[in-house]
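Per chain, numbering begins at 1; letters A, B, ... match sequence-line order. Predicted, not measured: the structure shown is a model, and the values here were computed from it. What you see below is based on every heavy atom in this structure, not just the backbone, and it leaves out hydrogens, waters and symmetry mates.
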2 protein chains.
Amino acid sequence: MTQTKFSRAHSEGYQVNHMARLFIRAIQDRIKPLGLSTGTFPVMLALWEKEGQTQRELVRELGVEQATMANTLSRMERDGLVIRRAHEADARVQTVWLTERARGLRDPAIEEATEVNDLATQGMSDQERADFTALMAKVVANLSET
Amino acid sequence: MTQTKFSRAHSEGYQVNHMARLFIRAIQDRIKPLGLSTGTFPVMLALWEKEGQTQRELVRELGVEQATMANTLSRMERDGLVIRRAHEADARVQTVWLTERARGLRDPAIEEATEVNDLATQGMSDQERADFTALMAKVVANLSET
DNA sequence: TATATTTGCATAGCAAGCTATATTGTGAAA
DNA sequence: TTTCACAATATAGCTTGCTATGCAAATATA
């Protein structure tokens, strides 16, 4: 069959990409005043929960490539958000710690993120919002296999 | 209230970002052999539908910034996918045309994209898939305002 | 113990997004 | 007609993602 019916508006991949760019713009605008960005935010979330994680642990937790994490952490160190300390038992390993300033950013940053999430899901019922999260989890699971 | 309940797994922004990265990886793998990429694919879709569009028209249609489009088109020209021709009535304007090779990529590229969309939505009913698309459209609309 | 493999991180180089700014052509206004 | 504002595109420079590759330390194997 000739595939003349393919349309951007109905391609999940296209929609996801578009939506992701809009999210990035929205959150970027709000957390930039805090000195955060879309690349650093997930790392901060992981570290606000548990400091002292290794780069390898952060990589597994956040699902980015090791090289991406290494570069992100370098920028974060440059910008005074984290400090890398050598692991005492394994000289290959770096543990990652928040600076005092970075610890203080938690509540304001989460507040901005919550606002963006609320804005994005405006007009949805609680049920729809839960469905949306569940459907995304399904897609993530489907695309994560292997 | 202290916002201790914020979790990555339930933040729409976080999920969208994660999902988008997985989509990019999946589609990239499959269209790379065709000489396409995630940045060029949307432009190709727009041009397969209507060649000779101006850069400005593509920008509006695809929702990326003008500078992003200019750079993407330059790479596409370098890689033999498009040709930029001066507009006959307005010397500021460039119209964008597909090369013969690029025209031939349509069906195979759309086939790969369709496969990725199907993989991503595996295990969803038709209704769920329609819901997913509708919910994403809602989010896009919410975040597109102004 | 000596070598080989694996593991953890860093670096190089590219794509694709962004903002800010420069450049050039059009069209309107003085 | 000259100037001024606007429009279309290009360029500079950044972030964030990727793959590929290098290197040093730890561990396993011969």
Side-chain angles (χ1 to χ4, degrees), chain A residues 13-14 16-32 35-44 53-60 62-79 81-82 84-96, chain B residues 13-14 16-32 35-44 53-60 62-79 81-82 84-96:
Chain A
Y14 185 89
V16 166
N17 182 270
H18 187 186
M19 184 171 59
R21 280 186 284 114
L22 292 171
F23 257 106
I24 284 173
R25 290 185 202 167
I27 189 71
Q28 196 89 272
D29 285 350
R30 285 160 215 251
I31 62 179
K32 195 175 183 179
L36 298 178
S37 61
T38 52
T40 61
F41 201 176
V43 179
M44 299 290 282
Q53 298 193 64
T54 69
Q55 184 176 300
R56 187 87 200 111
E57 288 170 329
L58 292 169
V59 162
R60 285 192 217 276
L62 301 185
V64 297
E65 293 299 319
Q66 177 268 320
T68 300
M69 184 58 70
N71 284 326
T72 299
L73 289 173
S74 290
R75 286 194 306 275
M76 292 176 79
E77 194 161 32
R78 179 200 64 190
D79 297 340
L81 292 170
V82 301
R84 283 190 264 206
R85 275 213 289 267
H87 195 278
E88 73 275 0
D90 188 335
R92 294 169 303 181
V93 177
Q94 300 267 40
T95 57
V96 182
Chain B
Y14 186 89
V16 166
N17 181 270
H18 187 189
M19 183 171 60
R21 280 186 284 116
L22 291 171
F23 256 105
I24 285 174
R25 289 184 202 167
I27 190 72
Q28 196 89 272
D29 286 350
R30 285 160 215 251
I31 62 179
K32 196 174 181 178
L36 298 178
S37 60
T38 53
T40 62
F41 200 176
V43 179
M44 299 291 282
Q53 299 193 63
T54 68
Q55 183 177 302
R56 186 87 199 114
E57 287 170 330
L58 292 169
V59 161
R60 285 193 218 275
L62 301 184
V64 298
E65 291 300 319
Q66 176 268 322
T68 300
M69 183 58 69
N71 285 325
T72 298
L73 289 173
S74 290
R75 286 194 305 276
M76 293 176 78
E77 194 162 33
R78 178 199 66 192
D79 297 340
L81 292 170
V82 301
R84 283 190 264 206
R85 276 213 290 266
H87 195 277
E88 71 276 359
D90 188 335
R92 294 169 302 179
V93 177
Q94 301 267 39
T95 57
V96 182

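Within the 4.0 Å cut-off from OP1 or OP2 of D:dA7, not a single side-chain nitrogen or oxygen of B:R56 is found. Contact annotation: A:R75 side-chain N/O to D:dT15 OP1/OP2 distance is not under 4.0 Å. Between A:T72 and the phosphate of D:dT16, there is no side-chain N or O to OP1/OP2 separation shorter than 4.0 Å. The shortest distance between the side-chain N/O atoms of A:Q55 and the OP1/OP2 oxygens of C:dT7 is not below 4.0 Å. Regarding contacts with the backbone of C:dA10, a side-chain N or O of A:R84 is found under 4.0 angstrom from either OP1 or OP2. Here A:Q28 does not reach the OP1 or OP2 of D:dT15: none of its side-chain N or O atoms lies under 4.0 Å away. One finds no side-chain N or O of A:R78 lying less than 4.0 angstrom from the OP1 or OP2 phosphate oxygen of D:dC14.
Atom-to-atom, NZ of A:K32 to P of C:dC18 comes out at 13 Å; the value is rounded to the nearest Å. As rounded to whole Å, 9 Å separates atom P of D:dT16 from atom CG of A:D79. Atom CG of B:L36 is separated from atom P of C:dA15 by 14 Å (rounded to the nearest Å). Distance, A:L73 CG to D:dG17 P: 11 Å, rounded to whole Å. Between the C1' atom of D:dT9 and the NE2 atom of B:H87 lies a distance of 14 Å, rounded to the nearest Å. Rounded to whole Å, atom P of C:dA10 lies 15 Å from atom CD of A:E65. Taking atom CD1 of A:I27 as the reference point, atom P of D:dT16 lies 13 Å away to the nearest angstrom. D:dG17 atom P lies 14 Å from atom CG of A:N17, rounded to whole Å.
Residues B:R85 and B:Q94 have side chains not in contact (no heavy-atom distance under 4.5 Å, counting atoms from C-beta outward). Under the 4.5 Å side-chain criterion, counting only non-hydrogen atoms from C-beta, B:Q55 is in contact with B:M69.
Between the side chain of A:Q66 and the base of C:dA10, a donor-acceptor pair under 3.5 Å is found. Evaluation of atom-type donor-acceptor distances gives a pair under 3.5 Å for the side chain of A:R92 against the base of C:dT7.
Remark on DNA chain D: of its neighbouring residues A:G63 and A:A91, the 5'-side contact belongs to A:G63, judged by nearest-heavy-atom nucleotide. Closest-nucleotide positions on DNA chain D for B:D29 and B:Q94 were compared, and the one nearer the 5' end corresponds to B:Q94.
B:S37 comes within contact range of the sugar-phosphate backbone alone, with a heavy-atom separation under 4.0 Å but no base atom that close. Across all strands shown, A:N71 has heavy atoms under 4.0 Å from base atoms, whether or not it also approaches the sugar-phosphate. Residue B:T38 is in sugar-phosphate contact alone, with no base atom involved, counting any heavy-atom pair closer than 4.0 Å across all strands shown.
Within the model, atoms OG1 of A:T68 and CG of A:L62 stand 11.0 Å from one another, a figure rounded to the nearest 0.5 Å. We find the CG-CZ distance between A:L73 and A:R78 to be 12.5 Å, quoted to the nearest 0.5 Å.
For A:A67, taking side-chain heavy atoms from C-beta onward, the closest of the listed nucleotides C:dT19, D:dT19, D:dG17 is D:dT19. Comparing C:dA16, C:dT19, C:dT26 against the side chain of B:T40 picks out C:dA16 as the nearest. Picking from C:dC9, C:dG17, C:dG25 the nucleotide with the shortest atom distance to the side chain of A:V93 gives C:dC9.
Residues A:V43 and A:G39 come closest through the heavy atom pair CG2-O, 3.9 Å.
Between the side chains of B:R75 and B:S37, no donor N or O sits under 3.5 Å from an acceptor N or O.
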